[in-house]
A.B. asks: 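My structure is below; once you've seen it, I'll send some questions.
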There are 2 protein chains.
Amino acid sequence: MVAPLAPDMFDELCPSDLTPIRFGDKWAGMIIRCLEGGPRRFSELRVPLRGVTAKVLTRSLRKLEQDGLVRRTVHAAPTRRVEYALTPLGRSLLGPIEVACAWAREHWDELIDAREGVVAAD
Amino acid sequence: MVAPLAPDMFDELCPSDLTPIRFGDKWAGMIIRCLEGGPRRFSELRVPLRGVTAKVLTRSLRKLEQDGLVRRTVHAAPTRRVEYALTPLGRSLLGPIEVACAWAREHWDELIDAREGVVAAD
DNA sequence: CTGTATCCTGAGGGATACTG
DNA sequence: CAGTATCCCTCAGGATACAG
């Protein structure tokens with residue numbers, strides 16, 4: 001029983017290029033959120049993480065595995081399947097990530113304004 | 001009325017090299033926490049941020065200023081003084097930062113074990 | 001005191017092609 | 001399907017020297 005992935009979820013939830021908050025490398029935070037609903041296959045992760053190349057996704061996943069946040073499982077039969085799932089430690093990061101995303105959503109306009117050079121009325 | 005800075009506060013509070021959580025560049029999160037107690041001068045920031053060079057600290061501060069998180073003020077008299085202070089937006093980041101630091105403190109041992117290759121008893 | 005200027009290194013990240 | 005191999009480029013970050 002695995003929740004479906006909304007392809008666009010990160011466009012509004014994880015604007016990592018704009019906010020000063022990052023979890024690991026560029027994709028780590030999004031990967032963790034992708035895995036919130038249950039295990040995902042390599043190719044399933046590539047869909048919502050638009051633009052990520054296989055090499056970079058692999059590297060990010062290996063790093064997450066090393067850090068104990070994600071577990072990789074290979075199923076041989078009937079065909080090759082590789083699944084990635086959150087460990088308890090990885091799952092414990094969902095809270096802080098959501099806090100960061102909530103902050104970004106809440107202050108989105110101010111961030112845009114600051115970047116554009118709008119002087120804040122203090 | 002400005003709270004004193006504990007020189008070692010970041011050794012235990014912001015282990016940014018170990019945790020996957022980063023706020024902006026390497027020093028941004030620590031700078032923001034440094035400014036929590038009130039405005040600080042450039043040279044005052046260099047003390048707790050051990051190891052940061054003037055160039056890098058300047059660049060981090062400029063970035064924080066651009067993003068509307070920090071305000072820079074120059075006092076000419078009696079001698080040159082430059083002070084950095086949190087904007088309301090910057091102050092609003094203190095919550096998420098503390099959440100991240102709390103996560104890191106809580107899962108410190110697991111992070112170490114994972115890096116050392118200790119197999120987690122699941 | 002508060003920076004700038006210059007040089008250097010390593011890591012992150014993307015493009016492309018290839019593999020079991 | 002799930003990666004690897006190779007090449008390349010940018011940027012973060014540190015060392016050092018210098019400046020208003």
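Naming: A, B, ... by sequence-line order, numbering from 1 per chain.
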A.B. asks: With a 4.0 Å cutoff (strictly under), does any side-chain N or O of A/Arg22 reach OP1 or OP2 of C/dG13?
C.D. replies: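 Answer is yes, contact under 4.0 Å.
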A.B. asks: Starting the side chain at C-beta, find the nucleotide from C/dT2, D/dT6, D/dA2 nearest to A/Lys55.
C.D. replies: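 Nearest listed nucleotide: D/dT6.
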A.B. asks: When you measure from the side chain of B/Arg41, which nucleotide among C/dT4, C/dT2, D/dC1 comes out closest?
C.D. replies: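 Ranking C/dT4, C/dT2, D/dC1 by closest atom to the B/Arg41 side chain puts C/dT2 first.
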A.B. asks: Could you check how far CZ of B/Arg80 sits from P of C/dT2, rounded to whole Å?
C.D. replies: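 Nearest whole value for this atom pair: 7 Å.
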A.B. asks: Quick one: is A/Arg62 getting a side-chain N or O under 4.0 Å of the D/dT4 phosphate, OP1 or OP2?
C.D. replies: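 It does, given that an N or O in the side chain of A/Arg62 lies less than 4.0 Å from OP1 or OP2 of D/dT4.
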A.B. asks: Using a cut-off of 4.0 Å on non-hydrogen atoms, how would the nucleic acid contact of B/Arg59 be classed: base, sugar-phosphate, or nothing?
C.D. replies: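 Counting heavy atoms under 4.0 Å across all strands, the contact made by B/Arg59 includes a base.
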A.B. asks: Identify which nucleotide among C/dG14, D/dG14, D/dG3 has an atom closest to any side-chain atom of A/Arg72, counting heavy atoms from C-beta outward.
C.D. replies: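 Out of C/dG14, D/dG14, D/dG3, the nucleotide with an atom closest to A/Arg72's side chain is D/dG3.
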A.B. asks: May I have the distance from B/Leu61 (atom CG) to D/dA12 (atom P), rounded to whole angstrom?
C.D. replies: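 In whole Å, D/dA12 P lies 15 Å from B/Leu61 CG.
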A.B. asks: Say whether A/Val52 and A/Val82 are linked into one hydrophobic cluster, either directly or through other cluster members, by side-chain heavy-atom distances under 4.5 angstrom.
C.D. replies: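 Yes.
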A.B. asks: Please work out if A/Arg46 contacts a base, only the sugar-phosphate, or nothing of the nucleic acid, heavy-atom cut-off 4.0 Å.
C.D. replies: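 Since no nucleic acid heavy atom lies under 4.0 Å of A/Arg46, the category is nothing.
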A.B. asks: Let me see the working for B/Arg81 and B/Glu83 under salt bridge (charged side-chain N to carboxylate O under 4.0 Å, His left out), right down to the final yes or no.
C.D. replies: CA-CA 6 Å; B/Arg81 278 173 65 89; B/Glu83 278 191 339; 2.7 Å; yes
A.B. asks: Under 4.0 Å between a side-chain N/O of A/Ser43 and OP1 or OP2 of D/dA2, yes or no?
C.D. replies: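 Yes, within the criterion.
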A.B. asks: For A/Asp25 and D/dC11, give me the distance from atom CG to atom C1', rounded to whole Å.
C.D. replies: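 My rounded result for the distance is 15 Å.
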A.B. asks: Does A/Lys63 make a side-chain N or O approach to OP1 or OP2 of C/dG12 shorter than 4.0 Å?
C.D. replies: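 So the side-chain polar atoms of A/Lys63 never come under 4.0 Å of the phosphate oxygens OP1 or OP2 of C/dG12.
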A.B. asks: Taking the side chain as every heavy atom from C-beta outward, state whether A/Ile31 and A/Leu69 have any atom pair closer than 4.5 Å.
C.D. replies: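 Answer no - side chains too far apart.
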A.B. asks: Has A/Trp103 got a side-chain atom pairing as donor or acceptor with B/Ser92's backbone, closer than 3.5 angstrom?
C.D. replies: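 Side chain of A/Trp103 to backbone of B/Ser92: a pair is present.
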A.B. asks: Select one nucleotide: of D/dG20, D/dG3, C/dG13, the one nearest the side-chain heavy atoms of A/Ala54.
C.D. replies: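 From the listed options, D/dG3 comes nearest.
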A.B. asks: Determine: side-chain N/O of B/Lys26 to OP1/OP2 of D/dG14, distance under 4.0 Å, yes or no.
C.D. replies: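 Yes, B/Lys26 has a side-chain N/O under 4.0 Å of OP1/OP2 on D/dG14.
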A.B. asks: Do A/Val70 and A/Phe42 sit in one hydrophobic cluster, given that two such residues count as connected whenever their side-chain heavy atoms are within less than 4.5 Å of each other, even indirectly?
C.D. replies: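 Per the 4.5 Å side-chain linkage, A/Val70 and A/Phe42 are co-clustered.
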A.B. asks: OP1 or OP2 of D/dA15 versus the side-chain N and O atoms of B/Thr53: is any pair under 4.0 Å?
C.D. replies: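 The answer is no; no side-chain N or O of B/Thr53 sits under 4.0 Å from OP1 or OP2.
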